[in-house]
Amino acid sequence: MASQVLVAANRGPLSYDLRDDGTLSARRGGGGLVSGLSAALARQPGALWICAALSDADREAVRRDVSEPGVRMLDIDPTMYHDAYNGIANSVLWFTHHHLYDVPREPVFDAEFRRRWASYVAYNEAFARALAEEAGPGARVLVQDYHLALVPGQLRELRPDLRIAHFTHTPWAARVFLDMLPDDIHSRLMWGMLGADVVGFHTRAWADAFAAAAQPDDARRVAVFPLGVDGDELRALAHRPEVDEKLAELRAEVAGRRTIARVDRTELSKNILRGLLAYRELLTVHPEWRGRVVHLASAYPSRQDLKVYRDYTAAVSELAAQINAEFGTQDWQPVLVSVKDDFARSLAVYRMADVALVNPVRDGMNLVAKEIPVVSEAGCAVVLSTGAGAYEQLREDALTVNPYDVSATAEALHAALSMPDEERAERTKRLAAAATALPPTAWFEAQLAALA
Ligand SMILES: O=P(O)(O)OC[C@H]1O[C@@H](O)[C@H](O)[C@@H](O)[C@@H]1O
């Protein structure tokens, strides 16, 4: 049956595992984009989510025609998928929008790049064709993120009757980085996204950067939808028994000391190394904190298919080990790194942290900065990068820092640790209110309404 509301995103709401006995089991897909969209789509009867098969088990599920209602997985040739996802989306596009290039060496746009780009075009076409097949007359289609930047333009050609929105969950690159792209690639990306009736971003800053690269007429379609947190849902999740258990364990480990927490994928843009350097500087410049604070750094591996991510992950654990060797004592380990993606443990960390360190060089939004104040028990001072999308909404009550300025970050950590309890609690309350202003369901419905 044709759908009236469709979502297209690389990652789907579920993925499959192939058991030893050859049967398939479904589990919920991971990440902020997925959890936000899943909640919103659950409220749209008859909606369809089109996503890519991400693994051999997913592809097997497509071949066996195992399907869940409301989800269509696309079986894309694995080599083509790898070139599109790792070779273009997570390398060129992610690096451009987050300004991550090591400029003397990168980027390089050569014949190999062109080959991968052809895969990216074909992978986008697979989504556009599937959407064209599944959408009812005049249906509304919400296309997600940089993986699928060409889809709106391609779909518009196949189905001029549809109402299409594109939403970017990352920042939009500054001109100097966009200008590195070959001209035809840059204009193709703009063409793709401007195939949409509404082009959405998390912040005014990213929307303005995109609009500056578009024609004045097209810029009118750009809109801002700052994704927030569902406070009631998150608080309920944070008070499940398994989270209580993790909290008790963590409290025992920390033994009454103050805590500085971070929770991230081990992602270049999250600036974990400078965060550790700032913590080291804090312990050097303000030795009164030695033995009295613990840095709980959750940094779980991500995108390990890319060498630069493997190297970065190794550098993070090496620097943490150095800090522990330099300052640690018999009964105090200054940094506790956790590399397991353990949501229950993260929620326990959120509940107990005195200080949150959210220092990405650039970030589309950063929901950690919004989630921590919502579940914090006694109040949490948020040290927040000016490069995070969340900065636009949280700047008043966070302690904001230039993410490259390690010394300023160290001083902000000191100020956060020294903040009077009452002030911390007051700021946390206001941060939580700002964080819950546009929960996922309202965020999604606002975009649907913009297409009406
Ligand atoms: O490649 P993955 O693991 O699906 O992660 C992609 C997502 O990663 C998130 O960190 C970004 O905020 C999203 O913009 C992006 O879609």
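What you see is a predicted model; the values in this text were computed from it and never measured. In what follows, every heavy atom counts, from backbone to side chain, and hydrogens, waters and symmetry copies are set aside. Start at 1 and go down the list; that is how both ligands and their atoms are numbered.
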Requested in this report: Could you tell me whether the side chain of Leu41 reaches within less than 4.5 Å of the side chain of Trp49, counting heavy atoms only?
Outcome: yes
Requested in this report: Would you mind checking if Lys246 and Glu242 are paired as a salt bridge, meaning a charged N to carboxylate O distance below 4.0 Å?
Outcome: no
Query - NZ/NE/NH1/NH2 to OD/OE distance under 4.0 Å, Asp184 and Arg114 - result: yes
Query raised in the report: How are the rings of Phe210 and Trp172 set to each other: parallel, tilted or perpendicular (split at 30° and 60°)?
Result: perpendicular
Query raised in the report: Aromatic rings Tyr123 and Tyr81: how do their planes relate, parallel, tilted or perpendicular, breaks at 30° and 60°?
Result: perpendicular
Would you mind listing each N/O atom of ligand 1 next to any protein N/O under 3.5 Å, plus the distance?
residue: ligand 1; atom: 1 (O); partner: Tyr85; partner atom: OH; Å: 2.3
residue: ligand 1; atom: 3 (O); partner: Arg11; partner atom: NH2; Å: 3.0
residue: ligand 1; atom: 4 (O); partner: Arg11; partner atom: NE; Å: 2.7
residue: ligand 1; atom: 4 (O); partner: Arg11; partner atom: NH2; Å: 3.4
residue: ligand 1; atom: 10 (O); partner: Arg265; partner atom: NH2; Å: 3.0
residue: ligand 1; atom: 14 (O); partner: Asp145; partner atom: OD2; Å: 2.6
residue: ligand 1; atom: 16 (O); partner: Asp145; partner atom: OD2; Å: 2.6

**Report entry** Of Arg262, Arg274, His295, the residue whose pairing with Tyr279 passes side-chain contact (heavy atoms from CB on, under 4.5 Å)
**Finding:** His295
